[in-house]
Every structure is written in C-alpha cells, then in structure tokens.
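See below for the structure under consideration.
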Amino acid sequence: MKILGIRVDELDMQAALEQLTKLLEQPGQKELAQVVTINPEGIMLAKADPELRKIVEQAELVTADGTGILWAAEKLGKPMKERVTGIDLLEKLAGLAAEKGWRIYLLGAKPGIAEQAAAELCCRYPGLQIVGTENGYFRDREAAVLEGIHRAEADILFAALGMPFQEKWLHQHRSELGCRLGIGVGGCFDVLAGTVKRAPLLWQRLRLEWLWRLLSDPKRWRRYLAIPRYMRAVLREKRQIR
C-alpha cells in the first residue's frame, strides 16, 4: 500500500521472515537486497527526498516500523495485522541465523556499542555467527570498512547508521558489500547493548513507544515535530479518498 505516496508492504512478521528466508536461501544472488523499516518520520523524509523515495520503491521489502504506520493504514481503510520493527526483525533474523548458519555483520553506533550488541545476541542465540562489527564513525576510512565487510562474507548486514544515511549508504554500496541482505536498523544496537531501554510492553501495546522514547531522551523533541505534520497529511489524504 501507499501512505502519503510512500510504499509500505502489507505483511506481518511471519510473512516477512518467510520472504527473507527464501531470499537468503536462493543461490546465485550477486547484489545486496535491501530492507527498509519505515516509521512516520521516514515517510516524511521520503516525501521530501526523491533519492530516498526511489530507494524505498526499489527495496526488497518495506516494513511498518512504528504504530504511526498502523494508525495511518487504519485511517486509509487498509488496516495492517502488526508492525514489523527493526529491533524485532533483527532479533528474529538472529534466531533464524543461529539455526541456519547465516553469518551476520553489525555496522554502526558509537565505538564499542556494536561489540556489546554482538555479545548480547550471541548470548541469546547460541551458535550465532557474528563475523564482524564496526562503529558508525568510518567516513574517513570508508574504503577499508567496505573491504572488511566484503572479506567477512556475511549473509546479513545490519546497519545502525540512522535514517536516511543508512538506506542511502546500503543502496550506494550494494554491489561492493558481498552480503545477501542489508537492513537499516537505526538505534537498535544501543537497545541490545543496554545503553538505551526499550519501552515496556504495556507502552508498546498502547502504541505509546514513541512517547516513551521522547520522555527518555527529551533532546529528541525536534525529530517528533514530523509527527503532527504526518498526522495532518494522513487525515487530509483520508478526506481526499472519501
């Protein structure tokens, strides 16, 4: 479906995992397939950025990362079963990777965070192969980082570089990375490392995870200015459909 003209795929976690498993197990893939996990802020960014919008349109999969996407889908008459967030997708794929032998690389966040996230994932999923980690401060040594990722021969690359940079970077280097699948996961490594706490389940069920993040880190308030603009735009689109 389209929300404000931006693609979002109508599928739940199980369907997403089945599609990605099929992709990871097919032989002969030479170029990285990209997954975009998009929230209301991402929708507004893509509306204003033709390059990002094109990347979203070309992605292998675009999942609903955020309750604001579910809200918009309901308002537009195409309700979705559930959201498929970056953190949940990362953990589910890590569990499958431990079973199937897929190799994972973690790229992004502040120095030391990717290593902590890797240790936590390996503790949760025995047998998981994390074949490399690298922080997100690599612009002065990008060629070496690209070479290191390619040499690691990972199947899945999780990039925690923030939207839209992570999406653009994965797309730009899709032929150089040597990975089957690339997913932008924003601040997920910080959650896994324990430096940022995820909202309690009750807040998630009440669709208030965004408010928890804002209260936990008030410095993020400028980012949330996109939400009322997003809501007004969705309601305007709903009226036009009617």
Side-chain angles (χ1 to χ4, degrees), residues 6-9 11 13 15-38 42 45-46 49-65 84-98 100-109 114 117-118 121 128-139 141-189:
I6 306 302
R7 169 191 167 197
V8 184
D9 294 334
L11 76 178
M13 179 63 78
L17 291 172
E18 288 174 0
Q19 185 169 326
L20 295 179
T21 297
K22 184 177 179 181
L23 182 151
L24 285 160
E25 291 183 340
Q26 70 183 21
Q29 183 183 334
K30 295 183 179 180
E31 190 173 273
L32 175 138
Q34 188 167 352
V35 174
V36 176
T37 61
I38 201 162
L45 285 171
D49 185 338
E51 180 187 356
L52 178 60
R53 182 171 184 157
K54 184 177 180 181
I55 291 169
V56 172
E57 287 297 326
Q58 293 178 349
E60 184 72 25
L61 197 63
V62 182
T63 73
D65 184 346
V84 181
T85 68
I87 183 69
D88 292 329
L89 189 58
L90 188 161
E91 293 198 51
K92 294 288 187 182
L93 282 172
L96 282 172
K100 295 178 176 291
W102 300 334
R103 296 155 61 88
I104 286 176
Y105 195 106
L106 303 184
L107 171 70
L121 287 169
L128 179 63
Q129 298 180 69
I130 296 184
V131 295
T133 61
E134 180 60 67
N135 68 63
Y137 297 81
F138 59 80
R139 296 194 190 191
R141 51 192 174 87
E142 184 172 70
V145 169
L146 284 166
E147 183 182 349
I149 294 171
H150 191 278
R151 192 167 54 244
E153 297 183 344
D155 296 296
I156 306 173
L157 171 62
F158 292 107
L161 302 170
M163 190 180 233
F165 180 73
Q166 61 195 12
E167 282 72 28
K168 293 182 178 183
W169 192 86
L170 287 170
H171 184 76
Q172 179 185 351
H173 299 291
R174 61 192 182 279
S175 299
E176 306 167 61
L177 291 164
C179 307
R180 289 178 171 271
L181 183 65
I183 307 177
V185 292
C188 291
F189 296 176

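- Contact check on Arg7 versus Glu57 returns no salt bridge, with no Lys/Arg side-chain nitrogen under 4.0 Å from an Asp/Glu carboxylate oxygen.
- A 4.5 Å side-chain heavy-atom check between Leu107 and Val145 finds at least one atom pair inside the cut-off.
- Asp65 is listed as a side-chain neighbour of Thr85, based on a closest heavy-atom distance under 4.5 Å.
- Listed here is the closest heavy atom pair of Ala118 and Thr133: CB-CG2, 3.9 Å.
- Taking the side chain as every heavy atom from C-beta outward, Leu170 and Leu161 never approach each other to under 4.5 Å.
- Using a 4.5 Å cut-off on side-chain heavy atoms (C-beta onward), Met163 and Val36 make contact.
- The salt bridge (charged side-chain N to carboxylate O under 4.0 Å, His left out) test applied to Glu51 returns Lys168, not counting sequence neighbours.
- To the nearest 0.5 Å, atom OG1 of residue Thr37 and atom CG of residue Asp88 are 10.5 Å apart.
- Panel note: side chain Arg180, backbone Gln26; a donor-acceptor pair is recorded below 3.5 Å.
- Once rounded to the nearest 0.5 Å, the distance linking CG of Leu17 with CG of Leu93 reads 5.5 Å.
- Contact of the Lys92 side chain with the Met13 side chain is registered, since non-hydrogen atoms from C-beta on lie closer than 4.5 Å.
- Leu20 places none of its side-chain heavy atoms less than 4.5 Å from the side chain of Leu96.
- In terms of the side-chain contact (heavy atoms from CB on, under 4.5 Å) criterion, residue partners of Lys54 (sequence neighbours excluded) are, by chain and number, Gln58.
- From Ile183, atom CD1 reaches atom CG of Leu89 across 4.5 Å, with rounding to the nearest 0.5 Å.
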Lys100 and Leu24: CA distance, side-chain angles, deciding distance, side chain to side chain contact (heavy atoms under 4.5 Å, CB included) verdict: CA-CA 10 Å; Lys100 295 178 176 291; Leu24 285 160; over 6 Å; no

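- In this structure, the side chain of Glu176 does not engage the main chain of His150 through any donor-acceptor pair within 3.5 Å.
- In this structure, the separation between CD on Glu60 and CG on Leu181 is 8.0 Å, given to the nearest 0.5 Å.
- Looking only at side-chain heavy atoms (C-beta outward), Leu52 and Glu167 come within less than 4.5 Å of each other.
- Ala160 and Gly186 get closest at one heavy-atom pair: CB-O, 3.0 Å.
- The minimum heavy-atom distance between Phe189 and Leu106, with the atom names listed, is CZ-CB, 3.7 Å.
- Rounding to the nearest 0.5 Å gives a distance of 6.0 Å between SG of Cys179 and CG of Leu32.
- Residues Ala16 and Leu61 share a closest heavy-atom pair of CB-CD2, 4.0 Å.
- Under a 3.5 Å cut-off, the side chain of Gln19 and the backbone N or O of Ala15 do not form any donor-acceptor pair.
- Using bins of under 30°, 30° to 60° and over 60° for the plane-to-plane angle, the ring pair Trp169/Phe138 lands in the perpendicular bin.
- Not a single donor-acceptor pair under 3.5 Å links the side chain of Asp9 to the backbone N or O of Thr63.
- Considering CZ of Arg103 and CD1 of Ile130, their distance stands at 11.5 Å, rounded to 0.5 Å.
- Between Leu128 and Ala94, the shortest heavy-atom contact is CD1-O, 3.6 Å.
- Residues Ala33 and Leu23 share a closest heavy-atom pair of CB-CD1, 3.5 Å.
- In this structure the side chain of Phe158 reaches within 4.5 angstrom of the side chain of Ile156, judged on heavy atoms.
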